Amino acid sequence: MESLEIGLFVVKGGIVAAACAVLLQKTTQRLQLSLAKHPSLGGHLRMSKRFAHWLPAYSYAQDTWFAVDGAPHAIAQQREQALARLGQTLRERSPLTLAHTVQTKPMVSDMQLTSLYRVPYQFRELLAKQVPLGYFWQSSEGVWLTDMDGNRFIDVTGSYGVNLFGYDFYKTCMAEGAAMAQGLGPVLGGYHPCVLDNVQRLCALSGKDEVSFHMSGTEAVMQAVRLARYHTKKRKIVRFTGAYHGWWDDVQPGPGNPMPPSGDTLTLNDMHENTLRVLRNRNDIACVLVNPLQAMHPNRAAPSDSTLIDGARASHYDRTAYTQWLQALRQVCSDKGIALIMDEVFMGFRLGRGGAQAYFGIEADMVTYGKTLGGGLPIGVVCGKAAWMKRYRDDRPGDICFARGTFNAHPAVMATMNVFLRRLESTEMDAMYAHASETWAKRKDLLNTRLRQAGLPVQVAGMETVWTVLYDLPGRYHWMLQYYLREQGVALSWVGSGRMIMSLNFDDAMFESLCDRFVQAAKNMQQAGWWWTPDTHQQQPIRKQVFKEMLKARWA
């Protein structure tokens, strides 16, 4: 009897010890995960969603709109008159374009959203009445866009990253692709003969074994993640703070997504040892997603004028440091059997023919492409090693990883992509790629030198042909620069001065013209009083001031 009691005691002790070990392991994992989160709201998605939900709506009245930074009456009056003149100029130049925009906007929800979120929301009500912007373009040529009224603008929108080689290049690809596919038409399910050449070229460019086609970059990322989960039998994915991988729930889990953050998505600190510790010590991670654009601003979301509250925008591009980070990440993923997915949908061939893998010297397990690869048409592609791309199991016929789309591998898209891929290997493209990094670094220095010489509180920074505008002093009105650039004939995307995307067909003369317009726009903005600042001893922390406004509006 005594021995039985001793045995039961030992068993109970073993159960308690095992339970304590499991609890300790979970506690350790939880602590490591907490330490691997970026301290900003971007690293704490539930908190950021709560803050976004709490954010009160309010607008500055006209009597305070021009002096929310404490500017004296004379400066406020100067700004008010300047805004009226700017709005009148834009209205008089583009009446057809603006009329078309006004008629269309009530029926297009995307246009409503982007028009509202060009500037901090407190300013948009009055600004929308004073300064209209058109959404329609009639034609493109070289680096130019022409609106419905015949006004020509130097394009730095980049068509969301599609326009790498200039619009004429893509128009040629589209025309030749349409002719190539005309005989087959919209036959789906099978393939146009050019697909063989496409996959051979894509495998060579990516250094991978297999290819799958999709209808967008978002879909390509979805499939890459699904394949990683299928082969690892694990659910969790790792993304990095601020990175964008499309708009589906698992990879866009913060504000903007009505669903709560998924427990299967870990948003971790980019370029940090604590993140590597999490990857080493967990056994439930299927894949890690890397968007190489984040090298430009690690742990920050894409810069936008709608969040430019005080002018605090930064860029920290360090190619050497980011390369070292990716090397360490690659090693951990290899050691743990985690799929490393390089999301090149945006940057794609902007970093060179070999993309980010060649640029940083890192081999991914799967690579996703989109945008420019379609030659001007919609596309998504996953390239991967055979072990990761297989969608079925030989020993379990019912265990498959299904993925289809009606328009995957559409003949017109495949033919246009084929034209793109063939031209990518041409001597014409050799000339565009040759010394591109040095050329754009010198151009960045040239524009910054001219801005400094003009005494303007503006600089540009960036990664190759993707730039952002930085401001040298705190201020409430920096987002106004996008409208002065518009006045000078420079077309920006709806995120404003947060992102300028240039195409490689800019020659020196065209870039000089862009510099002239940029500097003149900044001068006009300065002369209008938008960069007035109080004396140093009178300056108040702007974010603190705005937060007080929000509290007052929320609880009034």
Side-chain angles (χ1 to χ4, degrees), residues 39-73 75-80 82-84 86-87 105-106 109-133 242 252-261 300-313 471 473-483 494-498 529-534 538-556:
S40 67
L41 279 176
H44 295 79
L45 299 180
R46 293 184 186 279
M47 191 179 299
S48 66
K49 283 178 71 71
R50 291 191 191 103
F51 179 77
H53 181 73
W54 171 87
L55 202 66
Y58 66 100
S59 298
Y60 294 130
Q62 183 156 352
D63 58 345
T64 60
W65 198 97
F66 298 94
V68 294
D69 56 352
H73 178 71
I75 295 294
Q77 197 171 42
Q78 180 184 359
R79 291 170 174 174
E80 186 170 6
L83 191 71
L86 179 62
K105 189 184 295 184
S109 57
D110 189 62
M111 191 183 293
Q112 296 164 26
L113 176 74
T114 56
S115 64
L116 284 175
Y117 285 87
R118 285 180 174 270
V119 302
Y121 70 88
Q122 300 94 330
F123 292 95
R124 66 191 182 195
E125 185 176 332
L126 186 145
L127 191 71
K129 298 174 183 176
Q130 295 267 14
V131 184
L133 287 183
Q252 200 268 311
N257 181 350
M259 296 297 291
R300 292 175 179 266
S304 168
D305 280 359
S306 66
T307 58
L308 198 58
I309 296 173
D310 60 357
R313 179 186 285 160
Y471 300 90
L473 48 77
R476 298 298 308 275
Y477 299 95
H478 293 327
W479 44 264
M480 277 295 302
L481 182 59
Q482 63 177 293
Y483 298 96
W494 69 278
V495 300
S497 65
W530 299 109
W531 280 322
W532 172 90
T533 55
Q538 294 178 327
Q539 287 184 5
Q540 298 293 324
I542 293 175
R543 288 184 178 269
K544 184 176 180 181
Q545 173 192 340
V546 174
F547 189 64
K548 286 181 179 179
E549 292 175 1
M550 290 177 178
L551 288 174
K552 183 177 179 181
R554 186 70 177 83
W555 303 115

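Computed from a predicted model, the values in this text were never measured in an experiment.
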Considering residues, nucleotides and ligands other than Glu125, do more than 12 of their heavy atoms fall under 6.0 Å from its CD? no
Hey, does [Y] have a side-chain heavy atom less than 4.5 Å from the side chain of [X]?
X      : Y      : result
Glu80  : Gln62  : yes
Leu127 : Met480 : yes
Leu41  : Arg50  : no
Tyr60  : Glu549 : yes
Pro255 : Phe51  : no

Would you compute the distance between atom [atom1] of [X] and atom [atom2] of [Y] and round it to the nearest 0.5 angstrom?
X      : Y     : atom1 : atom2 : result
Ser40  : Met47 : OG    : CE    : 10.5 Å
Ile75  : Gln77 : CD1   : CD    : 10.5 Å
His53  : Leu55 : NE2   : CG    : 11.0 Å
Lys129 : Leu83 : NZ    : CG    : 12.5 Å

Tell me every residue that passes side chain to side chain donor-acceptor pair (under 3.5 Å) with [X], counting only those two or more places apart in sequence or in another chain.
X      : result
Trp530 : Tyr484
Trp65  : none
Thr307 : none

Show the nearest heavy-atom pair for residues [X] and [Y], with the distance to one decimal.
X      : Y      : value
Gly498 : Pro303 : O-CG, 3.1 Å
Pro106 : Gln112 : O-NE2, 3.2 Å
Ser497 : Tyr471 : OG-OH, 2.9 Å
Pro474 : Thr533 : O-CG2, 3.6 Å

Which pairs with one or both residues in residues 62-73 pass salt bridge (Lys or Arg N to Asp or Glu O under 4.0 Å), sequence neighbours excluded? Asp69-Arg79
Quick one: does any side-chain atom of Lys49 pair with a main-chain N or O of Asn257 as donor and acceptor, under 3.5 Å? yes
When you measure from the side chain of His478 to the backbone of Leu473, do you find a donor-acceptor pair of N or O atoms at a distance under 3.5 Å? yes
Fit a plane to each ring of Trp479 and Tyr483, take the angle between them on a 0 to 90° scale, and name the class: parallel (under 30°), tilted (30 to 60°) or perpendicular (over 60°). perpendicular
Set of residues satisfying salt bridge (charged side-chain N to carboxylate O under 4.0 Å, His left out) with respect to Arg543, sequence neighbours excluded: Asp310
Result block: side-chain N/O donor-acceptor pairs under 3.5 angstrom for residues 116-124, not counting sequence neighbours:
unit_1: Arg118; atom_1: NH1; unit_2: Gln482; atom_2: OE1; d: 3.4
unit_1: Tyr121; atom_1: OH; unit_2: Pro56; atom_2: O; d: 2.7
unit_1: Gln122; atom_1: NE2; unit_2: Tyr58; atom_2: OH; d: 3.1

